[in-house]
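This report refers to the structure that appears directly beneath it.
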Amino acid sequence: MLIGVIADDFTGASDIAVTLSKGLEGEGGLRTTQYLGVPQQPAEEQVEAGVIALKSRSLPAQEAVQQSLAACEWLLQQGCAQIVFKYCSTFDSTDAGNIGPVLDALAQRLAARNVIVCPAFPAMGRTLYQGNLFVHDRPLNESGMEHHPLTPMKDADIRRLLSRQAKTRVSHIGWQQVVQGSETLREILQDQTDEETQLVVVDALSDHDLTLIGIAAADEKLISGGSGIALALPHNFISARKAQGNNSEFPAIKGSSAILVGSCSGATRGQIEEHQKQHAVLAIEIEDVMAERIDADDLVDFILTHQDRCPLIYSSGDPAVVKQAQQQFGQHNISQRLDRLFGDTARKLVLEAGIQRLVVGGGETSGAVVSALNLGSLQVGSEIDPGVPALFAQGERPLALALKSGNFGRRDFFSHALNVLAGSTH
Ligand SMILES: Nc1ncnc2c1ncn2[C@@H]1O[C@H](COP(=O)(O)OP(=O)(O)O)[C@@H](O)[C@H]1O
Ligand SMILES: O=C(O)[C@@H](O)C(=O)COP(=O)(O)O
């Protein structure tokens, strides 16, 4: 294994996994496997990039640090020369963490001097300029992310956010320096090396900028960012002839399907609206979940009786509905109950009812579903939409998955994803 990634949620893990497996256009990427939690056994020999999916974004900071360090140890044992800490391209976190505390701990473990911090993901409109993060034409704190149920983002200045979370000093490399090229950037990074470790927020507006940054970071032991930071990392290993590259083929799975959605993001709510125009959709009311008036058997029943209409079940609400539910029940209680409900439903659907194509909307929700299925590891297939690959779990009966970040995906994402998992290229 050459590159090891520690991802703080499951959709984020598949986002960076597909970036590594794709590589730069015309060049190809690395043989990539996504692990669900820290594996108990060594990786298979042919794996060149290993992505460990944690569900650590919303844990207490100390637990997130412990899990991230455990993931780091396993990746180092597999021989990784470079570790990447992957967080959200909207920098999802709070003043208590977890991005800062995890970076502090990883930097110390790896004795890294300059740790790049770059959440930019231009394909999804996330750009970083003068240390401030934008989502398309809005600053992060006006992008809708200020309403996120778990990590409301109320500041767009990554330097300021990170300084509140991390003990390590925070510095900045501006876009005007990035565009001077990889060589200059490498020199700037090396010049910044003094005794003190630094978290270096680096601006990026385009994939070209990210490519320059990735090439400049070829020798860095620790890098961090959204999936965009990994764009050029396969190139570093392929051009140094250390990697064989990715030439895997994946099955088309046409079996029965289910779509489970817990994300409350604007993009996801639009996708649900689109889906219900032609397909079967069931809304779960939070009051019913909290009062245990609805359970996994009810949801399984809906999915199985609507197989001919691409059934989708969602809990998602708009910001006003979410706020009201939070005031009534507490966000932690709601998330715990929903995680359990979606997890139990997925287990019954896959293990008992034989569902073979599963699409999940939302990072935390994907974590809950995939953890309940206890799948171990997933092979990374083709990209359904930017940042969302087809994933395959081997077992007695193959299972194809798509784990969609709340904000990702085209408007008809859910039906499109089912088609791609079934082998359609449209
Ligand atoms: N109607 C709702 N009210 C309050 N919280 C909700 C509701 N529906 C889902 N949630 C919670 O909101 C969170 C959404 O997070 P996540 O699944 O990561 O989506 P995203 O990818 O958009 O961040 C989950 O913890 C989920 O349990
Ligand atoms: O970087 C991103 O935006 C995604 O890969 C990601 O981490 C998504 O998180 P969720 O929005 O919680 O799914």
Side-chain angles (χ1 to χ4, degrees), residues 5-19 34 51 53-59 84-93 99 118-126 133 135 140 143-145 147-153 224-230 260-272 283-290 313-343 360-370 385-389 402-409:
V5 180
I6 304 160
D8 69 353
D9 85 341
F10 282 55
T11 45
S14 53
D15 176 9
I16 195 163
V18 73
T19 310
Q34 178 171 338
V51 179
L54 299 178
K55 194 173 182 299
S56 57
R57 191 174 287 175
S58 305
L59 287 179
V84 182
F85 175 42
K86 159 72 177 69
Y87 37 78
C88 194
S89 62
T90 44
F91 213 72
D92 297 15
S93 52
I99 298 173
C118 184
F121 187 10
M124 288 306 304
R126 277 75 157 160
L133 186 57
V135 179
L140 176 64
S143 67
M145 282 306 294
H147 302 302
H148 191 279
L150 302 175
T151 48
M153 300 308 295
S224 81
S227 61
I229 199 63
L260 303 176
V261 187
S263 163
C264 300
S265 80
T268 301
R269 285 183 286 115
Q271 289 154 349
I272 296 168
I284 310 174
E285 299 302 331
I286 299 299
E287 289 76 15
D288 291 341
V289 177
M290 300 311 282
I313 299 177
Y314 72 95
S315 66
S316 330
D318 65 27
V321 169
V322 170
K323 197 165 170 200
Q324 204 260 320
Q326 287 177 334
Q327 279 163 352
Q328 195 174 349
F329 302 107
Q331 182 58 43
H332 181 70
N333 296 334
I334 297 174
S335 295
Q336 246 187 356
R337 286 286 184 89
L338 283 176
D339 277 7
R340 202 167 58 222
L341 179 62
F342 281 128
V360 190
E364 293 291 319
T365 311
S366 294
V369 163
V370 177
D385 254 353
V388 194
L403 308 179
K404 190 193 81 73
S405 152
N407 285 302
F408 287 4

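Just follow the structure's listing: the first ligand is 1, and inside any ligand the first atom is 1.
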May I ask you to check whether [X] has an N/O atom sitting below 3.5 Å from an N/O atom of ligand 1?
X: Glu364; result: yes
X: Ser335; result: yes
X: Ser315; result: yes
X: Ser405; result: no
X: Asp92; result: no
X: Leu338; result: no
X: Thr365; result: yes

Geometry only, no angles: is [X] polar-contacting ligand 2 at N/O separations under 3.5 Å?
X: Ser227; value: no
X: Phe121; value: no
X: His148; value: no

Counting only heavy atoms, which portion of [X] has something under 4.0 Å from ligand 2: side chain, backbone, both, or neither?
X: Met124; result: neither
X: Asp9; result: side chain
X: Glu364; result: neither

Would you say the side-chain atoms of [X] pair up with the backbone N or O of [Y], donor to acceptor, closer than 3.5 Å?
X: Arg340; Y: Leu338; result: no
X: Ser263; Y: Thr268; result: no
X: Asp385; Y: Val388; result: no
X: Ser335; Y: His332; result: no
X: Ser227; Y: Ile16; result: no
X: Lys404; Y: Phe408; result: yes
X: Arg337; Y: Met290; result: yes
X: Gln326; Y: Pro149; result: yes
X: Gln34; Y: Ala53; result: no

Carefully, step by step, assess Phe329 and Ile286 under the rule side-chain contact (heavy atoms from CB on, under 4.5 Å).
CA-CA 9 Å; Phe329 302 107; Ile286 299 299; 3.9 Å; yes
Contacts of type side chain to side chain donor-acceptor pair (under 3.5 Å), residue Thr90, not counting sequence neighbours
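Side chain to side chain donor-acceptor pair (under 3.5 Å) check on Thr90 returns Asp92.
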I'd like to check the side chain to side chain donor-acceptor pair (under 3.5 Å) partners of Asp339; sequence neighbours left out, ordered by chain and number.
Lys55
Is it the side chain, the backbone, both or neither of Leu150 that has a heavy atom closer than 4.0 Å to ligand 1?
side chain
Applying a heavy-atom cut-off of 4.0 Å, say which part of His148 lies close to ligand 1: side chain, backbone, both or neither.
side chain
Subset of ligand 1 atoms that lie under 4.0 Å from at least one heavy atom of [X]:
X: Gly363; result: 16 (P), 17 (O), 18 (O), 19 (O), 20 (P), 21 (O)
X: Ser263; result: 19 (O), 20 (P), 22 (O)
X: Val322; result: 3 (N), 4 (C)

Going by the side-chain contact (heavy atoms from CB on, under 4.5 Å) test, name the single residue among Leu260, Asp9, Thr11 that passes it with Ser366.
Thr11
Side chain proximity check, [X] to [Y], heavy atoms < 4.5 angstrom:
X: Val261; Y: Val360; answer: no
X: Cys88; Y: Arg57; answer: yes
X: Lys86; Y: Ile6; answer: no

Could you find the nearest protein heavy atom to [atom] and give me its residue, atom name and distance?
atom: atom 3 (O) of ligand 2; result: Ser89 OG, 2.6 Å
atom: atom 12 (O) of ligand 1; result: Pro149 CG, 3.6 Å
atom: atom 6 (C) of ligand 2; result: Cys88 SG, 3.6 Å
atom: atom 7 (C) of ligand 1; result: Cys264 SG, 3.5 Å
atom: atom 11 (O) of ligand 2; result: Ser405 OG, 3.1 Å

Run the numbers for me: atoms of ligand 2, each under 4.0 Å from some heavy atom of [X], listed by number.
X: Asp15; result: 1 (O), 2 (C), 4 (C), 5 (O)
X: Thr11; result: 8 (C), 9 (O), 10 (P), 13 (O)
X: Gly406; result: 11 (O), 13 (O)
X: Arg57; result: 6 (C), 7 (O), 9 (O), 10 (P), 12 (O)

Quick one: which of [options] has a heavy atom closest to [atom]?
atom: atom 14 (C) of ligand 1; options: Gly262, Ser58, Gly362; result: Gly262
atom: atom 2 (C) of ligand 1; options: Ile286, Val261, Thr90; result: Ile286
atom: atom 11 (C) of ligand 1; options: Lys404, Arg337, Gln331, His332; result: Gln331

Less than 4.0 Å is my threshold; does some heavy atom of Lys86 fall inside it relative to ligand 2?
yes
Has Phe408 got any heavy atom lying under 4.0 angstrom from an atom of ligand 2?
yes
In this structure, CG of Asp8 is separated from CD1 of Ile99 (nearest 0.5 Å) by 6.5 Å
Under 3.5 Å, is there a donor on one side chain and an acceptor on the other for Tyr87 and Ser224?
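Distance-only check passes for Tyr87 and Ser224.
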